[in-house]
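Report on one structure; see the data block that follows.
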Amino acid sequence: MPEGVVHVVGAGLAGLSAALRLAAAGRRVAAWEAAGHAGGRCRSFFDARLGRQIDNGNHLVLSGNRSVRDYLSLAGAPGALTPAPEAAFPFADLESGARYTVRLNRGPVPWWIALPSRRVPGTGLRDYLGALALLRAGPESTVAEAVRGRGPLWRGFWEPLTLAAINTTPERASAQLLARVLVETFGKGADASRPMFAPHGLGPALVEPALARLSALGVEVGFNRTLRAIAREGGRATRLAFSDGDEALGPADRVVLALPPSRLKPILPELDLPNDACAILNAHFVVDDPGLATAAPLTGVLGATTQWIFVRGDVVSLTVSAADALGLVEADREALTARLWAETRAALGLRATDHTAARIIIEKRATFDQSPQAVAKRAKARTSLENLFLAGDATDTDLPATIEGAIRSGETAAALAG
């Protein structure tokens, strides 16, 4: 039987990851995307109001994200992300005025927690034993149930880490998902925990190199093609019904669907999938302030609506996870912009009294619901159809809905489809 074509539907990072691995292995690949661009929720674009290229949302990649590193190597861009010189995470507490930096040490033995200068102020060695309880948590436990303490470490580490990694509050977040983050990054020490930054944006770092490499391998993404349905016969997918026409599947053809739950459900209605309507708010400010030249590229913020601030050139971008749970999706944009700007000025110690331009972007479907009950609904990569496989950060990767999880899901699907 001649080798068939692997159709990859969806050109977000999960789909790009699957297509790259398959094409690099010599498989014939056809890639399709409903939008007019690749990257999905991880993309860059020129914003006319700001007059700058910005990312649709802020994403934090850590040096321990092995799937991201492998993906960039496959794309021919191993240096597209720049690692921070150390695993250091500065925080500004706007309620108390305190400023501190959590600094991890190299190696798996966390001796940094023994040094007050490296840990969260007001914490002692015993406070960090909560990590052990998190690692022992069962599949039905939330972070709040697994980690019992509510002292300074809760407010200054566990809560902001949960919001950033799981995009929901500790009272709802799956403890096992946060434990996986610890195991793969912070639990391995500084070498696996350094922040990785995209100096020119996530699109130029993660999307454009992948598209260029796919093109060099003979794969061109067909944009503006929305998958409507899949015909089945004899336990196989036999036809892909797109909005502008069908693609027949030969007996050796295979399919990888790299789609979020809200788009996958109409195509495979038999699946009971988690809701993917969990929002993240990102605000971008163009700022003329010499203080930005020495500002940390990443700052955590406590005692404020703002949670994390990213600085790249004269653009200050901030992130608020669980924006729907915090009631920000329908908030008045003018008042919200003023509040976030005031917090940004205070957190970074800016002298500028106003910004040059501002933009708020709310991604209403940023992630799937990552509560224990919803995590149990994550679909497996292998489906009931022998030639159909699933990818996407909402599939059962054992990781949260992150860039690392999306790319790793593509690895899994490619291995099954290849």
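Just so it is clear, the structure is predicted and the values come from calculations on it, not from any experiment.
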Handout entry: Under 3.5 Å: donor-acceptor pair, side chain of Glu343, backbone of Thr305
Key = yes

Exercise for the section: Starting from the C-alpha separation in whole Å, work towards a yes-or-no answer on side-chain contact (heavy atoms from CB on, under 4.5 Å) for Phe45 and Asp55. Expected result: CA-CA 6 Å; Phe45 65 96; Asp55 296 329; over 6 Å; no

Problem - Validation row, ring centre Phe157 to ring centre Phe89 under 6.0 Å - result: no

Exercise for the section: Please check if the distance between the ring centroids of Phe186 and Trp112 is under 6.0 Å. Expected result: no

Problem - CG on Leu178 to OG on Ser141, rounded to 0.5 Å - result: 12.5 Å

Exercise for the section: Report yes or no: does Arg27 contribute a side-chain atom to a donor-acceptor pair with the main-chain N or O of Gly418 at less than 3.5 Å? Expected result: yes

Handout entry: Close side-chain approach of Asn387 and Asp253, heavy atoms under 4.5 Å
Key = no

Exercise for the section: Using atom types as modelled and distance alone, determine if a side-chain donor or acceptor of Asn167 lies under 3.5 Å from a backbone N or O of Ala322. Expected result: yes

Problem - Given Ile360, Leu340, Val315, Thr356, the one that forms side chain to side chain contact (heavy atoms under 4.5 Å, CB included) with Phe285 - result: Leu340

Problem - Row check, Trp32 ring normal vs Arg225 NZ/CZ: under 6.0 Å, within 45° - result: yes

Handout entry: CG/Asn224: more than 12 non-hydrogen atoms of other groups inside 6.0 Å
Key = yes

Exercise for the section: Please lay out, stage by stage, how His200 and Gln53 fare under the test side-chain contact (heavy atoms from CB on, under 4.5 Å). Expected result: CA-CA 8 Å; His200 305 293; Gln53 179 165 284; 5.7 Å; no

Problem - N-O pairing of Lys265 and Glu270 below 4.0 Å - result: no

Problem - Which residues share a salt bridge (charged side-chain N to carboxylate O under 4.0 Å, His left out) with Glu220, sequence neighbours left out - result: none

Problem - Working for side-chain contact (heavy atoms from CB on, under 4.5 Å), residues Leu257 and Leu388 - result: CA-CA 8 Å; Leu257 297 186; Leu388 179 65; 3.7 Å; yes

Problem - Arg21 and Glu411 ion-paired at < 4.0 Å - result: yes

Problem - Over 12 foreign heavy atoms within 6.0 Å of CZ, Arg213 - result: no

Exercise for the section: Might you work through the side-chain contact (heavy atoms from CB on, under 4.5 Å) test for Leu328 and Leu281, ending with a clear yes or no? Expected result: CA-CA 8 Å; Leu328 300 179; Leu281 179 149; 4.3 Å; yes

Exercise for the section: For side chain to side chain donor-acceptor pair (under 3.5 Å), just list the numbers for Asp93 and Ser96, CA-CA rounded to whole Å, side-chain angles, deciding distance to a tenth of an Å, and then say yes or no. Expected result: CA-CA 6 Å; Asp93 188 335; Ser96 68; 3.2 Å; yes

Handout entry: Arg52 side chain reached by Asp314 side chain, heavy atoms, under 4.5 Å
Key = yes

Problem - Check ion pair Arg408-Glu404 (N to O, under 4.0 angstrom) - result: yes

Exercise for the section: Measure the spacing between CG of Leu202 and CG of Asn58 and express it to the nearest 0.5 Å. Expected result: 8.0 Å

Completion exercise
Checking Leu125, Leu104, Asp127 against Arg119 for side chain to side chain contact (heavy atoms under 4.5 Å, CB included), the one that qualifies is Leu125

Problem - Pair Arg365 + Asp324, salt bridge at N-O below 4.0 Å - result: no

Handout entry: Glu86 bridged to Arg103 by N-O distance under 4.0 Å
Key = yes

Handout entry: Whether Asp289 side chain and Ala352 backbone form a donor-acceptor pair below 3.5 Å
Key = yes

Exercise for the section: Decide yes or no for Val9 and Val256: does some side-chain heavy atom of the first lie under 4.5 Å from some side-chain heavy atom of the second? Expected result: no

Fill in the blank from the handout: From the list Asn282, Leu318, Leu298, Leu163, side chain to side chain contact (heavy atoms under 4.5 Å, CB included) partner of Trp308 resolves to Leu298

